Amino acid sequence: MPDPKQAKVVKELEHTAPLTACVFDPHGRWLFACSEDRSVVRWEVESGKKSVLAAHQSWPMALALTPDGTTLISGAGDDSL
């Protein structure tokens, strides 16, 4: 079992609004996060390069990726996917 005391910060990825959920793609290349600014944010993990995707009319609160990592699904409080 992993020891939480052994965890350490390796890299910090910043955004201008609080984040509500996140998911890594199956290959570990991308990190996707929901934000309270109604966007979905994508970071390239290695470089830290960020892309902001306009997403919803309210906060996106959930993210899922298909097993092959080709499709990202976001769900929000506006009852949309």
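Keep in mind the model is a prediction, meaning the values are calculated, not measured.
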| task | Scan residues 16-26 for pairs that pass side chain to side chain donor-acceptor pair (under 3.5 Å), counting only residues two or more places apart or in two chains. | result |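 Of all non-adjacent pairs touching residues 16-26, none passes side chain to side chain donor-acceptor pair (under 3.5 Å).
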To the nearest 0.5 Å, how far apart are [atom1] in [X] and [atom2] in [Y]?
X	Y	atom1	atom2	answer
Gln57	Asp79	CD	CG	12.5 Å
Met61	Glu36	CE	CD	10.5 Å
Trp59	Asp78	CH2	CG	13.0 Å

| Are the side chains of Val40 and Arg42 in touch, meaning some heavy atoms are under 4.5 Å apart? |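 When only atoms from C-beta onward are counted, Arg42 and Val40 do not touch, as no gap falls below 4.5 Å.
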| Would you say Leu53 and Ser39 make side-chain contact, with heavy atoms under 4.5 Å? |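 No, too far: nothing below the 4.5 Å cut-off.
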| message | Please say yes or no: joined through hydrophobic side-chain contacts below 4.5 Å, possibly via intermediate residues, are Leu63 and Leu31 part of one cluster? | response |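 Leu63 does not cluster with Leu31.
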| request: Treating Ile, Leu, Val, Met, Phe, Trp and Tyr as nodes and any side-chain heavy-atom pair under 4.5 angstrom as an edge, say whether Val41 and Val45 lie in one connected cluster. | output: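 Yes.
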| query | Remaining members of Val10's ILVMFWY cluster at a side-chain heavy-atom cut-off under 4.5 Å? | reply |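 Via sub-4.5 Å side-chain contacts, Val10 links to none.
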| query | Under the salt bridge (Lys or Arg N to Asp or Glu O under 4.0 Å) rule, what pairs show up with a residue in residues 51-67, not counting sequence neighbours? | reply |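 Salt bridge (Lys or Arg N to Asp or Glu O under 4.0 Å) check on residues 51-67 returns no pairs.
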| task | Identify the heavy atoms of Gly48 and Leu13 that sit nearest to each other, and give their distance. | result |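 Distance-wise, the nearest heavy atoms are CA-CD2, 3.9 Å.
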side-chain contact (heavy atoms from CB on, under 4.5 Å) involving [X] - partner list, sequence neighbours excluded:
X	result
Ala33	Leu19, Cys22, Trp43
Asp3	Lys5, Gln6
Ala17	His15, Ser35, Asp37
Glu44	Arg29, Trp30, Ser47, Lys49

Residues 69-76 side chain polar contacts: donor-acceptor under 3.5 Å, at least two apart:
| from | atom 1 | to | atom 2 | distance (Å) |
| --- | --- | --- | --- | --- |
| Thr70 | OG1 | Asp68 | OD1 | 2.8 |
| Thr70 | OG1 | Asp68 | OD2 | 3.3 |
| Ser74 | OG | His56 | NE2 | 2.8 |

| request: Would you sort out whether Lys50 and Val52 count as a side chain to side chain contact (heavy atoms under 4.5 Å, CB included), showing the intermediate values? | output: CA-CA 7 Å; Lys50 177 172 87 169; Val52 179; 4.1 Å; yes
